[in-house]
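Scroll down for the structure; my scribbles are underneath it.
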Protein chains: 2
Amino acid sequence: MVNTDGSHPEGKAAPGTDVDRRSQLVNAAVDYVAAHGFADLSLRGLGAAIGVSHRMLIHYFGSKEQLLVEIVRMSERRQRDLLSRFRLEPGLSPSDAARLLWQQLTDPRLASQERLFFEIYGNALRGRPEAAPALEGFVNNWLEPLVAAEVAAGADPAMARNRARLGLATVRGLLLDLLATGDRAGVDAAMEEFLRLYYGSK
Amino acid sequence: MVNTDGSHPEGKAAPGTDVDRRSQLVNAAVDYVAAHGFADLSLRGLGAAIGVSHRMLIHYFGSKEQLLVEIVRMSERRQRDLLSRFRLEPGLSPSDAARLLWQQLTDPRLASQERLFFEIYGNALRGRPEAAPALEGFVNNWLEPLVAAEVAAGADPAMARNRARLGLATVRGLLLDLLATGDRAGVDAAMEEFLRLYYGSK
DNA sequence: CAGGGTGTGTACCAATTGGTACACTCGCGA
DNA sequence: TCGCGAGTGTACCAATTGGTACACACCCTG
C-alpha cells in the first residue's frame, strides 16, 4: 500500500453509483457466503459466482478484509430485519407469540442464513477481526427487544432480563440442535416443553 | 497419490513407537488449535509451535485432512472424558448436580476448548468433511447420558428425552452467551432461573 | 468531435499453502 | 563391523491466494 491516506488506491471519493453497486455486490456476496461458507471464501470464487472478477471486488471494497466486514454487517442487518418483520400480531398470548416466532425461525429456507450466523459466531469467538465487532451484538441486540417483551407481558423487571437471556439461549441451543441433527420433531417437542415451563401453562 | 493401498506413502505398517508419537502430536495439536483456531491452521505454523517440521506432520498423518480428522476426534474424546469425570457425587439433588456441572463447564480454563467445540460445530455445519463425522455426536453423544439421568431422577420416560434435549440446548445457548459476552453474572442468573423452572424448586 | 474520468478485464506478482524428493543420522540385529 | 530401516531436516514444487499495473470500453460534458 503506497498512498498514505486511508482510502484504497482507486476511485477515491465514491460518486454515488458506486454505492448502489457496492450494496448490490454485498447482497450477492452474503447469499453466496450463506450457501458456501464464510471461512474459506476466496475473492476469485466469489467473483466467479456472482459475475464479477476478483479485481472488481478489490476495487469496490479495497481489501478482502473490508469485504468480509461488510458481509458480516449485512448479514446482521438481515437478521435484524427478520426480527423486526415479526411482532405484527397484537392479539396473541405470549406463549403463542413465542411459538409463532419459533416456527418462523425454523423455516428451512432460513437454514443457510442461520448456519452463516453460527459460523460468523465461531469466527468472532476466535478473534477474527472482521467478525469480532459482531460479538457484542450477538447477544445484546436480541436481548433488549426480548426484555421489553417480557416487561410488557408483565414480568418483574429484575426477572425480565434473566428470563429473556434464558429464552434467547434456549432458542439458539435448540436451533443448533436442529441444524446439526435435522430432527425437527424432536426439537419441536423440546421447545414445547420449554414453553410449558417458561409460560407456566400446562 | 501414487500408491494404491490406503496407507500414506512412507512408513507403511506403523511399528508402535509411531503410535505414541502420533498421539503425542495430536494432543499437542489440539492444544494449539484450541488456542489458535481451527479454520486457518497451517501445517507450518502448527509444526513450528509444537516443535516439528511440517514435513513430519505429513509423515505421521499422511495429509492435513487426516490430521484434522484426528484433531476433531481427539477433541471429542476430551469432551467426553470431561463428562465422564463428572457424576461422581452420589448424594446430590438433581438441581444441585446440574448446578455443579454448570460450574465446571464454565470454568475459564475450559473456555478455549469450548470455543474450539463451537468452531468445529460451525465447520461441520458447513460440510467440511473432516468435521462432519462429529455432527451426529454433537447432540446424541450428550443426549443419552442426560436422558438416563432424567429417567433415574424419576422423569416420565416419554418426557425424559424432551427434557434432556431442552437442558442440553439451554446449557449450550448460555455457554455461547458466556463466551461471547463474558458476562458471567448475567449468564449465571439466567441459569438459576432455568434451574428454578426445570426442577420446580422455588 | 475531443477528452477525461469511471468501470472493467487481462495479465501479472509475491507470499503462502499442502505435499514430495532426497539426503542424512541414529540405533539395532547379524 | 556392516547394513538397513525408521525418523528427520532441507530444499523444492505446483497451486492458490490477495493484491497491483496497465490497457481498453463506455459515457458524459465541453
Side-chain angles (χ1 to χ4, degrees), chain A residues 1-26 28-29 32-33 36-71 123 128-130, chain B residues 1-26 28-29 32-33 36-71 123 128-130:
Chain A
M1 173 94 64
V2 194
N3 58 353
T4 55
D5 63 341
S7 72
H8 54 281
E10 318 179 48
K12 25 184 26 178
T17 119
D18 259 30
V19 177
D20 302 343
R21 187 87 174 109
R22 263 175 70 103
S23 59
Q24 170 199 345
L25 288 177
V26 169
Y32 178 84
V33 167
H36 296 83
F38 175 86
D40 51 358
L41 179 75
S42 85
L43 294 183
R44 282 172 173 81
L46 170 62
I50 68 180
V52 295
S53 73
H54 80 287
R55 164 72 176 72
M56 284 298 95
L57 295 172
I58 294 286
H59 173 83
Y60 281 109
F61 299 98
S63 71
K64 181 189 185 184
E65 181 92 2
Q66 188 59 33
L67 171 59
L68 290 179
V69 168
E70 308 229 10
I71 288 175
N123 280 270
R128 286 270 288 255
E130 65 273 9
Chain B
M1 173 96 61
V2 196
N3 59 350
T4 54
D5 62 342
S7 73
H8 55 279
E10 321 179 44
K12 19 180 36 174
T17 118
D18 260 27
V19 178
D20 302 342
R21 185 89 175 109
R22 264 176 69 104
S23 58
Q24 170 199 345
L25 287 177
V26 169
Y32 178 83
V33 166
H36 296 83
F38 176 84
D40 51 356
L41 180 74
S42 84
L43 294 183
R44 283 174 172 79
L46 171 61
I50 68 180
V52 295
S53 72
H54 80 287
R55 166 72 176 74
M56 283 299 94
L57 295 172
I58 295 287
H59 173 81
Y60 281 109
F61 299 98
S63 71
K64 182 189 185 184
E65 182 92 3
Q66 189 58 35
L67 171 58
L68 289 179
V69 168
E70 307 229 12
I71 287 174
N123 280 272
R128 286 270 289 257
E130 64 273 11

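Lettering follows sequence order; numbering is per chain, from 1. Computed from a predicted structure; not experimentally measured.
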> Any side-chain N or O of A/Ser53 under 4.0 Å from OP1/OP2 of C/dT8?
Replying inline: no
> B/Leu43 and B/Lys64: which non-hydrogen atoms are nearest, and at how many Å?
Replying inline: CD2-CG, 3.9 Å
>> If I take atom OH in residue B/Tyr60 and atom P in nucleotide C/dG19, what distance separates them, rounded to the nearest angstrom?
In response: 17 Å
> Are the side chains of A/Tyr60 and A/Val52 in touch, meaning some heavy atoms are under 4.5 Å apart?
Replying inline: no
> What is the distance, rounded to the nearest whole Å, between atom CZ of B/Arg22 and atom C1' of D/dA6?
Replying inline: 16 Å
> Would you say the side chain of A/His59 and the base of C/dG7 hold a donor-acceptor pair, judged only by whether the two atoms sit under 3.5 Å apart?
Replying inline: no
> Roughly how far, to the nearest 0.5 Å, is the CG atom of A/Leu67 from the NE2 atom of A/His54?
Replying inline: 13.0 Å
>> Could you measure the distance from the CG atom of A/Leu68 to the CG atom of A/Asn123? Nearest 0.5 Å is fine.
In response: 9.0 Å
> What is the distance, rounded to the nearest whole Å, between atom CD1 of B/Ile58 and atom P of D/dA11?
Replying inline: 19 Å
> Roughly, in whole Å, what's the span from CD in A/Glu130 to P in D/dG18?
Replying inline: 12 Å
>> Between C1' on C/dT20 and CZ on B/Phe61, what's the gap in Å once rounded to a whole number?
In response: 18 Å
> Between B/Arg21 and D/dT8, does any side-chain N or O lie under 4.0 Å from OP1 or OP2?
Replying inline: yes
> To the nearest Å, how far apart are B/Arg55 CZ and C/dT25 C1'?
Replying inline: 14 Å
> How would you list, by chain and number, every residue that makes a side chain to side chain contact (heavy atoms under 4.5 Å, CB included) with B/Gln66, sequence neighbours excluded?
Replying inline: B/Ser63, B/Val69, B/Glu70, B/Arg73
> Who pairs with A/Ser53 by side chain to side chain contact (heavy atoms under 4.5 Å, CB included), at least two apart in sequence or on another chain?
Replying inline: A/Arg55, A/Met56
>> Checking contacts here: which listed nucleotide (D/dT20, D/dT17, D/dG9) is nearest the side-chain heavy atoms of A/Lys64?
In response: D/dT17
> A/Leu67 has an atom CG; how far is it from atom C1' of D/dG19, in whole Å?
Replying inline: 14 Å
> Is any side-chain heavy atom of A/Leu41 closer than 4.5 Å to a side-chain heavy atom of A/Tyr32?
Replying inline: yes
> In residues 36-49 of chain A, which ones come under 4.0 Å of DNA chain D, going by heavy atoms?
Replying inline: A/Leu41, A/Ser42, A/Leu43, A/Arg44
>> In this structure, how many angstroms lie between the C1' atom of C/dT17 and the CD atom of B/Glu65, rounded?
In response: 15 Å
